[in-house]
Number of protein chains: 2
Amino acid sequence: MDGLTQRQQEILDFIRGFVESEGMPPTRAELARAFGFKSPASAEEHLRALEKKGAITLSGMARGLRLTEPSGLPLVGQVAAGAPLLAAENVVGHYPVSPNLFKLRADYLLKVRGWSMRDAGILDGDWLVVHKASEARDGQIVVARVDDEVTVKRLKRKAGRAYLIAENPEFSPIVIELARTPLVIEGIAIGVVRDLNAI
Amino acid sequence: MDGLTQRQQEILDFIRGFVESEGMPPTRAELARAFGFKSPASAEEHLRALEKKGAITLSGMARGLRLTEPSGLPLVGQVAAGAPLLAAENVVGHYPVSPNLFKLRADYLLKVRGWSMRDAGILDGDWLVVHKASEARDGQIVVARVDDEVTVKRLKRKAGRAYLIAENPEFSPIVIELARTPLVIEGIAIGVVRDLNAI
DNA sequence: GTCCATACCGTAAATTTATACGGTATCGCG
DNA sequence: CGCGATACCGTATAAATTTACGGTATGGAC
């Protein structure tokens, strides 16, 4: 959504969470209670604004409110050099997966390019389920940024150096002198989803 | 759910579908309309019965109805020899994935045992997303039953024989003389889900 | 046969819910 | 400054929704 005011965004986020946890959209009164409004008319007004901006659809029935945007996780395809990972231009769609499927919260799905993690069972075209994080433990598979390129590798640290290790003997590890170059970690890989009929 | 009557099961199925497509539970009136009841009291009665049997929870509010059972796909773990794949004893849980994620309808998730499909990126411990089917095309990865054992392999047919081919040179193909032994296909693999933190 | 659970109808009341109308206050814009 | 958009309040009302009560009919269990 584009032109949402801060308040409207808060309302929308609340509705999203409400639907997720309660299994149904909130009423005007519930919205008013949650935000401290003393009149359901205030909630009504916000809903109208959200509808006019295309974020929701109202149908007139009790709890007759529908979210327009997909509620799933963003699919990050090709990553443009220099651009933030979740920049709109990188998001190619949404995937209706609940973020709580895995032990760590799933934040987005990243399309895997190339065969460098083949021996870990992560193939070209797979979707890597990523938990957004800027730190990672040794041995974890991470999404890292090296020279403005986003890469998926296994992380090892040793004596002031970080190693980004491919799981494929045809690729050699990337060595980072931590004193010289900071290691930028974008996230931790927590899962893999593959659509076998994607071709 | 166990003790549900046929009618109650129909109602429950309808509610499931309604929530899926409308994003909110149905009212008594909507239920009555859908089933041809001439009084919302009939719907109310069914809901009470479903609540007493633990299938749903009622909360008194408009559309205040919650499904008790997980709505996801059944997770099929170890498969007991001879037992149907989806027998209750084989189902170890439920996974909240919408069945429409893949091109073919996803019916259940099967836990992969062993490394015979390693080179296809299907590893021990992965969950194979399976579409229930009794027929498959050449080249597809299928869930098949051979000598009362469930196995995941790639299917090839040639001159009255079926070959179940592992994607790992350490395993040799299973050859089935179709004239002698029928090939029992349980489903077609349509996807893979791996939880990297499962350990 | 009697009893009980299931599956309906019809009616009606109590409560929720959506929604309209008329205010107040703030803020940025031209 | 006036103006429109945003963000609220208070009150009211029509409509939707839950839910109670009293019936009818059927079929299985004892």
Side-chain angles (χ1 to χ4, degrees), chain A residues 1-69 71, chain B residues 1-69 71:
Chain A
M1 282 311 102
D2 329 285
L4 294 194
T5 68
Q6 187 188 322
R7 201 59 167 151
Q8 286 162 2
Q9 188 62 55
E10 285 176 51
I11 307 265
L12 189 59
D13 289 343
F14 173 81
I15 295 174
R16 233 186 265 288
F18 194 100
V19 170
E20 180 75 31
S21 73
E22 303 298 321
M24 59 193 176
T27 66
R28 274 71 164 166
E30 283 162 346
L31 269 170
R33 228 173 301 147
F35 283 88
F37 304 157
K38 294 192 180 156
S39 163
S42 305
E44 173 78 14
E45 232 176 332
H46 277 119
L47 294 183
R48 298 285 177 163
L50 285 172
E51 186 181 35
K52 197 184 320 188
K53 295 185 179 178
I56 63 173
T57 311
L58 298 173
S59 68
M61 306 174 310
R63 300 183 191 275
L65 181 170
R66 188 190 289 264
L67 291 165
T68 304
E69 260 203 50
S71 58
Chain B
M1 281 311 104
D2 328 284
L4 295 193
T5 67
Q6 186 188 322
R7 200 62 166 149
Q8 286 163 1
Q9 188 62 54
E10 285 176 49
I11 307 265
L12 189 59
D13 290 343
F14 174 81
I15 295 173
R16 233 186 266 288
F18 195 99
V19 171
E20 180 76 30
S21 74
E22 302 299 320
M24 58 194 178
T27 65
R28 274 69 166 167
E30 284 162 346
L31 269 171
R33 228 172 302 146
F35 283 88
F37 304 157
K38 295 194 178 152
S39 163
S42 304
E44 173 77 14
E45 233 177 333
H46 276 119
L47 294 183
R48 298 285 177 167
L50 285 172
E51 187 180 35
K52 199 184 320 185
K53 295 185 178 177
I56 64 174
T57 311
L58 297 173
S59 68
M61 306 174 311
R63 301 183 190 274
L65 181 169
R66 185 190 291 263
L67 291 165
T68 304
E69 259 202 51
S71 58

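This one's a predicted model, so the numbers in the text were calculated from it and none came from an experiment. In what follows, chains carry the letters A, B, and so on, assigned in the order in which the sequence lines appear, proteins first and then strands, with residues in each chain numbered from 1.
- As a whole-Å value, the separation of Glu44(A) CD from dT13(D) C1' is 14 Å.
- OP1 or OP2 of dA20(C) has at least one side-chain nitrogen or oxygen of Arg48(A) nearer than 4.0 Å.
- Applying the 4.0 Å criterion to OP1 and OP2 of dA5(D), one finds that Lys52(A) has every side-chain N and O outside that range.
- In this structure, the CG atom of Leu65(B) is 13 Å from the P atom of dT17(D), given to the nearest Å.
- For Gln9(B) and dA7(C), the CD to P distance is 12 Å, given to the nearest whole Å.
- At whole-Å resolution of the value, CG in Leu4(B) and C1' in dA7(C) are 15 Å apart.
- Counting to the nearest Å, the P atom of dA18(C) and the CG atom of Leu47(A) are 9 Å from each other.
- Taking 4.0 Å as the cut-off between side-chain N and carboxylate O, Glu44(B) and Arg48(B) count as a salt-bridged pair.
- The side chain of Gln6(B) places no N or O atom within less than 4.0 Å of a non-bridging phosphate oxygen (OP1 or OP2) of dT6(C).
- Looking at the side chain of Ser39(B), the nearest of the listed nucleotides dC21(C), dC8(D), dG10(C) is dG10(C).
- Arg28(A) has a side-chain polar atom (N or O) that falls below the 4.0 Å cut-off from OP1 or OP2 of dA18(C).
- Under 4.0 angstrom from either OP1 or OP2 of dA7(D) there lies at least one side-chain N or O belonging to Thr5(A).
- Residue Leu50(B) contributes atom CG, which lies 16 Å from atom C1' of dT18(D) at whole-angstrom precision.
- Here Arg7(B) reaches the OP1 or OP2 of dC8(C): one of its side-chain N or O atoms lies under 4.0 Å away.
- With dT11(D), dT11(C), dT18(D) as the choices, the nucleotide that has an atom nearest any side-chain atom of Ala41(A) turns out to be dT11(D).
- Taking the six-membered ring where the residue is Trp, the centroids of His46(A) and Phe37(A) are separated by under 6.0 Å.
- Side-chain nitrogen and oxygen atoms of Lys53(A) include none within less than 4.0 Å of the OP1 or OP2 phosphate oxygen of dA5(D).
- Closest contact between the side chain of Glu45(B) and the listed nucleotides dC8(C), dA16(D), dC8(D) involves dC8(C).
- Within the 4.0 angstrom heavy-atom criterion, no nucleotide atom of any strand lies near Ala29(A).
- For His46(B), a side-chain nitrogen or oxygen approaches OP1 or OP2 of dA7(C) to under 4.0 Å.
- At whole-Å resolution of the value, CZ in Phe35(B) and P in dC8(C) are 9 Å apart.
- Side-chain contact between Thr68(A) and Lys53(A): absent, with no pair of heavy atoms (C-beta onward) separated by less than 4.5 Å.
- Considering all non-hydrogen atoms of both residues, Ala32(A) and Pro40(A) come closest at CB-CA, 4.3 Å.
- In terms of modelled atom types and a separation under 3.5 Å, the side chain of Arg66(B) and the main chain of Gly23(A) share no donor-acceptor contact.
- Between Lys38(B) and Pro40(A), the residue whose closest nucleotide on DNA chain C is further toward the 5' end is Lys38(B).
- Under the 4.5 Å side-chain criterion, counting only non-hydrogen atoms from C-beta, Glu30(A) is in contact with Arg33(A).
- Residue Met24(B) contributes atom CE, which lies 13 Å from atom P of dA16(D) at whole-angstrom precision.
- Between Gly36(B) and Arg63(B), the residue anchored closer to the 5' end of DNA chain C is Gly36(B), taking for each the nucleotide with the nearest heavy atom.
- If you check dA18(C), dC8(D), dA20(C) against the side chain of Ser42(A), the one that comes closest is dC8(D).
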